[in-house]
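Step one of this worksheet: look at the structure below.
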Amino acid sequence: QVQLVESGGGLVQAGGSLRLSCAASGSIFRINAMGWYRQAPGKQRELVATITLGGSTNYAGSVKGRFTISRDNAKNTVYLQMNSLKPEDAAVYYCNAESLSGSFQWWGQGTQVTVSS
């Protein structure tokens, strides 16, 4: 069992920055890749960024160059630094983790990001 808890969401003006955090607990030895997804009202959940245990990253084209995903394995925490935020970035952001075998995925409860123009 893995638990993921996101924090850092809130209201920010367009052009501003936020840093989201996701702390993992439980059977953390089972975790391989971690990532961030987001879901806006009326839209499907979409990938934002992922990072492997070894530090390889990938990003959605819409956030590349503005967002940075990182992880601190010692703290069992993954971060999403969001810069130059746009109104279209507003969504509930969810932390995700997958198991070493790829057989399991876990999700956090989500944290709301609101961007005002």
Side-chain angles (χ1 to χ4, degrees):
Q1 184 70 29
V2 171
Q3 297 82 42
L4 304 174
V5 179
E6 303 100 331
S7 62
L11 174 64
V12 65
Q13 293 181 330
S17 299
L18 283 174
R19 188 177 74 161
L20 306 182
S21 299
C22 173
S25 62
S27 301
I28 54 176
F29 61 89
R30 302 181 66 185
I31 295 174
N32 185 14
M34 299 184 72
W36 290 94
Y37 293 71
R38 67 187 182 188
Q39 187 168 216
K43 300 189 68 176
Q44 292 183 313
R45 188 172 299 185
E46 65 175 348
L47 173 74
V48 177
T50 60
I51 185 167
T52 68
L53 191 62
S56 297
T57 61
N58 73 90
Y59 297 89
S62 58
V63 307
K64 191 174 181 63
R66 299 187 298 120
F67 291 9
T68 302
I69 188 170
S70 62
R71 67 192 293 174
D72 185 336
N73 292 328
K75 295 182 178 180
N76 303 310
T77 301
V78 64
Y79 305 94
L80 185 68
Q81 178 66 48
M82 304 185 293
N83 298 326
S84 302
L85 281 161
K86 304 174 181 179
E88 51 263 44
D89 294 318
V92 177
Y93 283 71
Y94 295 92
C95 182
N96 168 267
E98 72 172 18
S99 66
L100 291 168
S101 68
S103 299
F104 299 95
Q105 288 195 357
W106 300 274
W107 294 91
Q109 82 286 355
T111 185
Q112 177 72 53
V113 172
T114 303
V115 184
S116 63
S117 60

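Between Arg38 atom CZ and Arg45 atom CZ the span is 13.0 Å, to the nearest 0.5 Å. In this structure, Ser25 OG and Gln1 CD are separated by 9.0 Å, a value rounded to the nearest 0.5 Å. Atoms SG and CD, on Cys22 and Gln3 in that order, are 11.0 Å from each other to the nearest 0.5 Å. In this structure, Leu47 CG and Asn96 CG are separated by 9.0 Å, a value rounded to the nearest 0.5 Å. Going from atom OG1 of Thr50 over to atom CG of Asn58 covers 3.0 Å, rounded to the nearest 0.5 Å.
Within 6.0 Å of CD in Glu88 there are more than 12 heavy atoms belonging to other residues, nucleotides or ligands. The number of heavy atoms from other shown groups lying within 6.0 Å of CD (Gln13) does not exceed 12.
Here Arg66 pairs with Asp89 under the salt bridge (charged side-chain N to carboxylate O under 4.0 Å, His left out) rule; sequence neighbours left out. In this structure, Arg30 has no side-chain hydrogen bond (donor to acceptor under 3.5 Å, both in side chains) partners at least two apart in sequence or on a different chain.
Through direct or indirect side-chain contacts shorter than 4.5 Å among Ile, Leu, Val, Met, Phe, Trp and Tyr, Val48 is connected to Val2, Leu4, Val12, Leu18, Leu20, Ile28, Ile31, Met34, Trp36, Ile51, Tyr59, Val63, Phe67, Ile69, Val78, Leu80, Met82, Leu85, Tyr93, Phe104, Trp106, Val113, Val115.
Side chain of Glu6 to main chain of Gly110: a donor-acceptor pair is present (N/O by atom type, distance under 3.5 Å, no hydrogens or angles). For the pair Arg71 (side chain) and Gly54 (backbone), a donor-acceptor distance under 3.5 Å is absent.
The shortest non-hydrogen separation linking Ala91 to Gln112 is O-NE2, 3.4 Å. Across every non-hydrogen atom of Ser117 and Pro87, the tightest pair is CB-CG, 4.0 Å.
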